[in-house]
Protein chains: 2
Amino acid sequence: MSVPDSRFDQLISALKEHNFRLTPQRVELVRLIAVSEGHPSASQLHAKIKRKFPTMSHATVYKTLSLLKEINQVLEIDLRDDSHYDGNRPDPHPHLICVNCNKIIDGELLIDQQSIQRMEQESGYKILRPQISFYGLCPDCKEEN
Amino acid sequence: MSVPDSRFDQLISALKEHNFRLTPQRVELVRLIAVSEGHPSASQLHAKIKRKFPTMSHATVYKTLSLLKEINQVLEIDLRDDSHYDGNRPDPHPHLICVNCNKIIDGELLIDQQSIQRMEQESGYKILRPQISFYGLCPDCKEEN
DNA sequence: AATATAATCAATAATGATTATCAATAAAGA
DNA sequence: TCTTTATTGATAATCATTATTGATTATATT
C-alpha cells in the first residue's frame with residue numbers, strides 16, 4: 001500500500017479507471033512500454049509486440065498509444081517522420097533531440113507551475129499536455145564539425 | 001541606425017549574412033512572413049505567394065522556410081498534419097495549441113536562460129532550437145463540454 | 001560583354017507515417 | 001452463458017513533406 005506501484009501497474013490501473021478494456025494486446029503493449037528504456041517509436045513498439053502477437057497491426061498500436069497519451073500516461077515526442085513516446089515519465093519534462101542523428105534523451109528543467117497557471121489565465125486556454133523539445137546537436141554529432 | 005529594423009529588413013539581412021541569394025520569390029515570401037499575423041502553415045503561405053508567383057511550387061516554399069528556420073528567423077510549430085510557422089517572433093517562446101480546433105496563439109513564459117545552460121552542460125547537447133508547445137483547449141472549445 | 005560555375009527554381013513523382021473503414025472478434029458485466 | 005459494445009486487424013486511403021532532375025538564373029572571372 002505504501003509501496004509505490006510499478007510502472008506497469010500504474011498504466012494498467014489508469015486504463016481501468018477510464019473503463020478501457022484490458023485486451024491481451026494492450027496488456028502486452030503496456031508491459032513493453034513499462035520496461036522500455038529510451039523513447040521508442042510506434043514502429044519500434046509494433047515490431048516488438050509482433051513477437052507475441054504476430055497479427056498486431058499498426059493501427060492498433062497507434063490507437064493504444066493515443067489512449068495512453070490522452071490519459072496523460074505517455075508523452076508524445078513529435079518528430080517530423082516518426083513520433084516517439086516516453087512511457088516511463090508521464091510528468092511533463094523536456095526532451096533533447098539531435099537534429100543530426102535523432103537521438104533523444106530526457107532533459108531536466110524545472111517548469112514553474114505558477115507560470116503555467118498564469119499562462120492559462122491570460123490565454124483562457126486549458127492546458128492538457130505540455131510538449132517541450134529542444135532541438136540541437138548531441139555530444140557525438142557536435143564533434144563532427 | 002538607432003531605429004530598429006523592420007521585421008522585413010531583419011529577415012532580408014539575415015539571408016544576406018548567410019550568403020543566401022535574394023531571389024524575387026524569396027523576397028516575396030519573406031514579405032509575406034513579415035506581415036503575417038498568427039501562425040500560417042506552409043500551404044497557406046504557398047497559396048498567398050501564388051498570387052504573385054503562380055508557378056511557385058510547394059517545394060520552394062518548404063526549402064525557404066527551412067533556411068529561415070535554420071538561421072533561427074522563424075520558429076516551426078510541428079503539428080501532426082501540417083507545420084505552422086511563427087515568423088514574427090524568432091525568440092523562443094511557447095505556443096498554445098487547441099487540440100480541438102487547432103487554433104494557435106503565442107504564450108508568454110519566461111524561459112530561464114540559466115536552466116537551459118545547465119541542461120546543455122549536463123547533457124552535452126548543443127541546443128539550437130527550443131520548441132515549446134502546450135496542447136490544450138482554447139476558450140471556445142473549452143465551453144463546448 | 002562573354003563564359004563558367006554554382007545556386008535556385010518548378011514539375012513530377014515518391015515516400016512513408018498516420019488514419020479511416022468495417023467486418024469479425026472478444027472483454028466485461030448481467 | 002448471454003448480450004452489449006469496445007476492440008482488433010486487414011486493407012486502403014490520405015496527405016504533408018522530400019527527392020529528383022532538368023531548366024533557369026545569378027554571380028564571379030576573364
Side-chain angles (χ1 to χ4, degrees), chain A residues 11-30 32 39-71 74 76-85 97 99-100 102 104 131 135, chain B residues 12 15-30 39-71 74 76-85 97 99-100 102 104 131 135:
Chain A
L11 288 162
I12 294 292
S13 299
L15 283 172
K16 277 188 191 163
E17 272 172 34
H18 291 268
N19 291 318
F20 294 124
R21 292 186 185 168
L22 289 178
T23 65
Q25 291 94 330
R26 279 188 183 164
V27 173
E28 174 63 5
L29 185 57
V30 159
L32 287 172
H39 308 83
S41 67
S43 294
Q44 289 169 336
L45 289 168
H46 179 246
K48 280 191 187 171
I49 204 168
K50 283 198 92 172
R51 295 175 195 163
K52 217 169 244 176
F53 295 92
T55 63
M56 188 87 165
S57 79
H58 278 277
T60 304
V61 173
Y62 278 107
K63 266 178 281 186
T64 304
L65 287 171
S66 281
L67 288 186
L68 292 170
K69 188 177 68 173
E70 270 166 32
I71 63 179
V74 304
E76 183 172 10
I77 305 163
D78 273 312
L79 301 192
R80 167 61 41 227
D81 355 328
D82 181 294
S83 271
H84 287 243
Y85 297 86
I97 304 163
V99 296
N100 189 234
N102 292 323
I104 303 171
Q131 183 176 298
Y135 291 94
Chain B
I12 295 291
L15 284 173
K16 277 187 192 163
E17 272 172 32
H18 290 268
N19 291 318
F20 293 125
R21 291 189 185 164
L22 290 180
T23 64
Q25 290 93 331
R26 280 189 182 161
V27 173
E28 174 64 5
L29 185 57
V30 159
H39 306 84
S41 66
S43 292
Q44 289 168 338
L45 289 167
H46 178 247
K48 280 192 188 171
I49 204 169
K50 282 197 92 172
R51 294 176 197 161
K52 216 168 246 179
F53 294 92
T55 63
M56 187 89 163
S57 78
H58 279 276
T60 304
V61 173
Y62 278 108
K63 268 178 281 187
T64 303
L65 287 170
S66 282
L67 289 185
L68 293 169
K69 188 177 69 174
E70 270 166 35
I71 62 178
V74 304
E76 182 172 11
I77 306 163
D78 272 312
L79 300 193
R80 167 61 40 229
D81 355 329
D82 189 303
S83 271
H84 287 243
Y85 297 85
I97 303 163
V99 297
N100 190 234
N102 293 323
I104 304 172
Q131 182 177 300
Y135 290 93

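Proteins come first, then strands; the chains are lettered A, B, ... in the order of their sequence lines, and each starts at number 1.
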Measure from CZ on A:F53 to P on C:dT25 and round the result to the nearest Å. 17 Å
B:L65 has an atom CG; how far is it from atom C1' of D:dA16, in whole Å? 13 Å
Length of the NZ-P vector between B:K63 and C:dA11, whole Å: 12 Å
Calculate the interatomic distance between B:L15 atom CG and D:dA26 atom P; express it in whole Å. 16 Å
Can you check whether A:S83 has a side-chain N or O nearer than 4.0 Å to OP1 or OP2 of C:dT18? yes
Length of the NZ-P vector between A:K69 and C:dT18, whole Å: 10 Å
Name the closest nucleotide to the B:R21 side chain, picking from D:dT27, D:dT8, D:dA19. D:dT27
Please determine whether a side-chain nitrogen or oxygen atom of A:Q25 lies at a distance below 4.0 Å from atom OP1 or OP2 of D:dG9. yes
Given atom NE2 of A:H58 and atom P of C:dG16, what is their separation to the nearest angstrom? 13 Å
What is the separation between atom CG on A:D82 and atom C1' on C:dT15, rounded to the nearest whole Å? 13 Å
Between B:T55 and A:S66, who's closer to the 5' end of DNA chain C by nearest nucleotide? B:T55
Criterion side-chain contact (heavy atoms from CB on, under 4.5 Å) on A:N102 and A:D82, from CA distance to verdict: CA-CA 10 Å; A:N102 292 323; A:D82 181 294; over 6 Å; no
Hey, which of these two, B:S43 or B:T23, hits DNA chain D nearer its 5' end, going by closest nucleotide? B:S43
Within less than 4.0 Å of OP1 or OP2 of D:dA16, is there a side-chain N or O belonging to A:R80? no
Heavy-atom nearest pair, B:I49 first then B:E28, reads CG1-CG, 3.6 Å
Should A:S57 be listed as having a side-chain N or O under 4.0 Å from OP1 or OP2 of D:dT8? no
With no hydrogens and no angle check, is any side-chain donor or acceptor of A:H39 less than 3.5 Å from a backbone partner on A:H84? no
Interatomic distance where CZ belongs to A:F20 and C1' belongs to D:dT7 [whole Å]: 12 Å
Among the nucleotides D:dG9, C:dA11, C:dA27, whichever has the atom closest to the side chain of B:A59 is C:dA11
Report yes or no: does B:H46 contribute a side-chain atom to a donor-acceptor pair with the main-chain N or O of B:M56 at less than 3.5 Å? yes
Pick the nucleotide of DNA chain D nearest each of A:D81 and A:N19; which residue has the one closer to the 5' end? A:N19
Any donor-acceptor N/O pair, B:R26 side chain to B:T64 backbone, under 3.5 Å: no
